[in-house]
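Each residue takes its place number in the sequence, starting with 1. We count ligands from 1, going down the list as the structure has it; atoms in each ligand are counted the same way.
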Amino acid sequence: MSREVKVLITGPMGAGKTTALASVSDGRALKTEATNSDLKQHQKSHTTVALDFCEIELSAGDRLRIYGTPGQRRFNAMWKILAKGSLGVVVLLDLTRPDPIADLREYLADFSEVVAESCAVIGAGRSEERPDLSVSMIADACAELGLMLPVFAVDVRQKADVLMLLEALFSQIEIAHALSEES
Ligand SMILES: Nc1nc2c(ncn2[C@@H]2O[C@H](COP(=O)(O)OP(=O)(O)O)[C@@H](O)[C@H]2O)c(=O)[nH]1
Ligand SMILES: [Mg+2]
């Protein structure tokens, strides 16, 4: 039986959330971009103000509805709306930011309700520029918060990398739901 599942992708401004949805949907994702007035945060010209959205079909015919959050905190009223009914969350990090582990903690805390009730995976972007910061160090930071989360080094401009994150998240969701149906 194929299912339809809602998941979120979040993380700091410029981590590549909009890019991830564009690559996984071959450019068909819905975007809500406006001119970036926050150039101190990130030098890019445009930024997400409400949400990104796309729907994709996974290998087994299951459908994922993916919502990307705006990265800037001043839009975080949107976060609660987007989090409603989500079964999983991808936290996307940009390892070239000043303190990606602090970013990780911050986004896991902001989405703690979704993380606690559902599933999460971590995407570590631009990892090649931070060889000192390994995937296992990021996994350890999750473990310190009591969370056993899969961490993948990704380049979200590559569709295969985004699919890997989403497939990993979906299998966690499947396992969690199979278990809860049993109990
Ligand atoms: N060099 C490099 N650039 C990346 C990588 N991932 C994303 N980007 C770029 O970083 C920018 C991210 O912007 P955007 O997707 O708007 O980020 P958002 O704020 O999270 O939605 C885009 O220009 C991407 O092409 C990566 O792994 N390496
Ligand atoms: Mg965006």
*Distance (rounded to the nearest 0.5 Å) between Gln172 CD and Ile175 CD1*: 7.5 Å
*Under 4.0 Å between a Lys/Arg side-chain N and an Asp/Glu carboxylate O for Glu174 and Arg3?*
yes
*asked:* Is Thr18 close enough to the Mg ion (ligand 2) that one of its N, O or S atoms comes in under 2.8 Å?
replied: yes
*May I ask you to decide if Lys44's main-chain N or O and Asn36's side chain share a donor-acceptor pair within less than 3.5 Å?*
yes
*Polar-atom distance check: Gly125 versus ligand 1, any N or O pair below 3.5 Å?*
no
*asked:* Quick check on Ala15 - does any of its heavy atoms sit under 4.0 Å from an atom of ligand 1?
replied: yes
*Is there at least one protein heavy-atom neighbour under 4.0 Å from atom 8 (N) of ligand 1?*
yes
_NZ/NE/NH1/NH2 to OD/OE distance under 4.0 Å, Lys31 and Asp52_ = no
*Take Arg97 and Asp103, measure what salt bridge (Lys or Arg N to Asp or Glu O under 4.0 Å) needs, and give me the verdict at the end.*
CA-CA 9 Å; Arg97 278 173 51 87; Asp103 291 337; 2.7 Å; yes
*Side chain, backbone, both or neither: which part of Lys44 has a heavy atom under 4.0 Å from ligand 1?*
side chain
*Output yes if Thr48 passes the N/O/S-under-2.8 Å test against the Mg ion (ligand 2); output no otherwise.*
yes
*Show which atoms of ligand 1 fall inside a sub-4.0 Å distance from at least one heavy-atom site of Met13.*
19 (O)
_So for atom CD, which belongs to Glu55, do other residues, nucleotides or ligands contribute more than 12 heavy atoms lying within a distance under 6.0 Å?_
yes
*Check: Arg130 side chain, Leu95 main-chain N or O, donor-acceptor pair, under 3.5 Å*: yes
*Does any N/O atom on Lys17 come nearer than 3.5 Å to any N/O atom on ligand 1?*
yes
*asked:* I'd like to know if the side chain of Ser23 and the backbone of Val156 have a donor-acceptor N/O pair within less than 3.5 Å.
replied: yes
*Decide side-chain hydrogen bond (donor to acceptor under 3.5 Å, both in side chains) for Glu33 and Thr48; before the verdict, give the C-alpha distance in whole Å, the side-chain angles of both, and the deciding distance to 0.1 Å.*
CA-CA 4 Å; Glu33 300 276 280; Thr48 305; 2.9 Å; yes
*Which residue holds the protein heavy atom closest to atom 10 (O) of ligand 1, what is that atom called, and what is the gap in Å?*
Arg126 NH2, 2.5 Å
*Nearest neighbour in protein (non-hydrogen) for atom 15 (O) of ligand 1*: Thr19 OG1, 2.4 Å
*Does Val156 come within less than 4.0 Å of ligand 1, judged by its heavy atoms?*
yes
_atom 28 (N) of ligand 1 - nearest protein heavy atom and its distance_ = Arg157 NH2, 3.1 Å
*asked:* Within the 4.0 Å heavy-atom shell around Gly16, which atoms of ligand 1 are there?
replied: 12 (C), 14 (P), 15 (O), 17 (O), 18 (P), 20 (O)
*asked:* Among all the protein's non-hydrogen atoms, which is closest to atom 12 (C) of ligand 1, and how far away is it?
replied: Gly14 O, 3.4 Å
*asked:* If I apply the N/O under 3.5 Å rule, does Asp52 come out as touching ligand 1?
replied: no
*Please say whether Thr18 places an N or O atom under 3.5 Å from an N or O atom belonging to ligand 1.*
yes
_Test item: Lys17 side-chain N/O and Gly11 main-chain N/O as donor-acceptor pair under 3.5 Å_ = yes
